[in-house]
Amino acid sequence: MVRNIVVLSGNSHPKFVDSVCDYLGIPPASRVLEKFSSGETHCEIRDSIRGKDVYIIQSFGVGSDRNTANGNSNNKSNVSSSTTTAGTSPVTVNDYFIELCIMISACKTGSARRVTAVLPFFPYSRQPDLPYTKTGAPLGSRYREGSTTSTEGQGGVSYTFESVPVTPAPHIPRTAGLTSGTSQLTNSRNNGLSNSSISRGIAICDMVKAPATVTVTGPASDGGNSSVGEKPPQQQKSNDRFTTHDYENPTMAMAFQQKAGFKPMVAQAGSLIADLLTCAGADRIVTCDLHESTYQGFFDIPVDNLFAKPLLKRYIQHHIENYKEAVIVSPDAGGAKRAAAIADSLGLGFALIHKERRPPSKNQGNYPTMMLVGNVANRVCIMVDDLADTANTITRAAKLLKREGAVQVIALITHGVFSGDAVQRVIASALDRVVVTNTVAQGRHLEAFQAAADKAEGREEPVKRDRSDADRRVVGGKLEVLDIAPFFAEAIRRIVFGESVSMLVRDGD
Ligand SMILES: O=P(O)(O)OC[C@H]1O[C@H](OP(=O)(O)OP(=O)(O)O)[C@H](O)[C@@H]1O
């Protein structure tokens with residue numbers, strides 16, 4: 001048991017807090033954390049914090065398991081209230097952030113000796129800088145309501161090569177290096193020469209089926225038969241007011257193009273978030289797999305950025321058959337270092353998908369292109385990334401990998417945010433398995449994945465979830481959730497006793 005510390009839970013992920021407290025051998029502190037009908041947050045800390053070392057745990061998924069009917073809500077903590085009384089407004093990442101700041105401030109003004117904010121998933125970590133490309137193409141866009149298209153079965157598994165709900169339509173790459181190649185393609189297509197080879201050994205996978213060292217694909221809209229130069233799919237109607245990181249949606253790109261001539265001022269949220277936490281009174285931050293590790297530089301207090309790598313590595317070794325024959329894949333260049341580190345430490349092959357977002361053009365819109373570097377034919381692909389938000393990246397990468405001959409695609413993701421229609425997109429995708437940690441609450445996601453699996457297999461009674469193994473794994477359909485709470489508990493224990501946490505934050509083995 002760790003003494004003389006106080007662990008406080010925000011409303012975002014109380015089950016995770018219980019898990020951390022189990023490891024530490026202490027109960028979570030009692031508090032009231034609720035909203036007035038106006039939407040303002042009200043916080044009361046009911047245990048003494050005077051002179052104590054306080055750890056406030058708040059994560060930042062979309063919504064919380066607590067608010068669902070069957071969603072693993074925890075009744076163990078001495079949490080007096082987490083109900084929302086502000087009508088039916090959905091709880092957002094921003095609500096959780098304000099909650100966290102208010103709790104930090106309450107502890108500070110209550111004479112806590114030290115306040116550590118523990119953020120298993122750090123919010124706004126994808127916005128450390130301007131979310132615009134060098135050429136001015138916006139990376140933000142409106143969230144679209146999804147729809148389902150027909151699926152095609154392969155090997156008894158039903159999925160579509162499409163990211164469903166749809167992801168963007170084909171794009172003709174226009175870099176200096178690809179211009180001539182794509183022009184050739186367009187010309188060839190117009191001349192009916194659909195299998196012509198492309199300059200510089202680069203192949204568009206919709207056009208050329210022969211294996212290539214480097215493969216480029218634009219998102220197809222017809223199950224893999226579309227060709228470069230086709231019109232994009234029609235935009236789906238949406239009455240949803242949320243925005244996401246769905247920068248692949250061309251709508252905003254075209255809107256931006258119409259207003260060309262000036263560059264809008266876009267907030268640099270990264271340093272503001274850091275300032276707000278520090279200003280509220282945080283003395284230290286503990287988080288995990290920051291999207292940009294340089295984000296730590298925005299703080300002038302210690303930041304411990306834990307790595308999920310040991311957990312993911314252990315999963316590969318224990319739960320992927322013949323993993324030594326597998327290939328580790330990074331679905332974008334930003335995650336290459338993380339994925340390559342896992343490949344190196346396991347002695348596995350490595351492949352890279354380069355995701356390019358192009359500026360809008362008159363005819364094409366802002367459609368991303370994916371290039372595969374490496375050979376994945378007849379191999380199991382283990383895709384490693386820090387984050388699945390809209391899940392466009394992993395579903396489109398899975399599509400490309402299957403087209404290139406991968407026999408199985410398994411995604412290992414630290415933070416399974418799954419915002420908007422991401423769960424449905426993953427269910428309908430070519431991904432065979434998605435493994436995430438519980439830095440973000442996964443109860444609702446597990447239920448959705450399990451329900452989809454039950455429906456697909458005609459089961460009336462859901463299969464009991466398995467959490468019997470040493471990894472405390474929970475399985476629901478395609479989704480598997482790994483418990484990362486012990487890492488955080490160990491980090492807290494080491495901080496309390498003044499021990500080194502470098503073993504936990506080192507990107508090594
Ligand atoms: O599920 P999605 O909405 O597709 O988002 C997930 C992707 O976003 C992040 O990368 P980002 O696109 O910011 O690029 P980077 O890694 O190059 O920074 C992250 O590393 C994932 O690859």
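Both ligands and their constituent atoms are indexed starting at 1 by order of listing.
- When the heavy atoms of Met383, Arg396, His291 are ranked by distance to atom 9 (C) of ligand 1, first place goes to His291.
- Of the listed residues (Ile353, Thr393, Leu387), the one carrying the non-hydrogen atom nearest atom 4 (O) of ligand 1 is Thr393.
- Using a 4.0 Å cut-off between a side-chain N of Lys or Arg and a carboxylate O of Asp or Glu, Asp386 and Arg126 do not qualify as a salt bridge.
- Relative ring orientation between Phe97 and Tyr124 is described as perpendicular, the plane-to-plane angle rising above 60° on a 0-90° scale split at 30° and 60°.
- The shortest separation from a heavy atom of Ala333 to ligand 1 is not under 4.0 Å, leaving the residue out of contact.
- The salt bridge (Lys or Arg N to Asp or Glu O under 4.0 Å) search around Arg433 returns none, not counting sequence neighbours.
- Of all the atoms in ligand 1, the ones that sit under 4.0 Å from a non-hydrogen atom of Asp386 are 19 (C), 20 (O).
- Side chain to side chain, Thr393 and Asp385 fail the donor-acceptor criterion of an N or O pair below 3.5 Å.
- Looking at Asp385 against ligand 1, only its side chain comes within 4.0 Å, counting heavy atoms.
- Shown here are the salt bridge (Lys or Arg N to Asp or Glu O under 4.0 Å) partners of Glu99, two or more places apart in sequence or in another chain: there are none.
- Close to ligand 1: Ala388, with a non-hydrogen atom less than 4.0 angstrom away.
- Checking only distances, Glu292 never comes within under 3.5 Å of ligand 1, N or O to N or O.
- The backbone and the side chain of Thr390 each have at least one atom closer than 4.0 Å to an atom of ligand 1 (non-hydrogen atoms only).
- A side-chain donor-acceptor contact under 3.5 Å links Asn305 to the backbone of Asp289.
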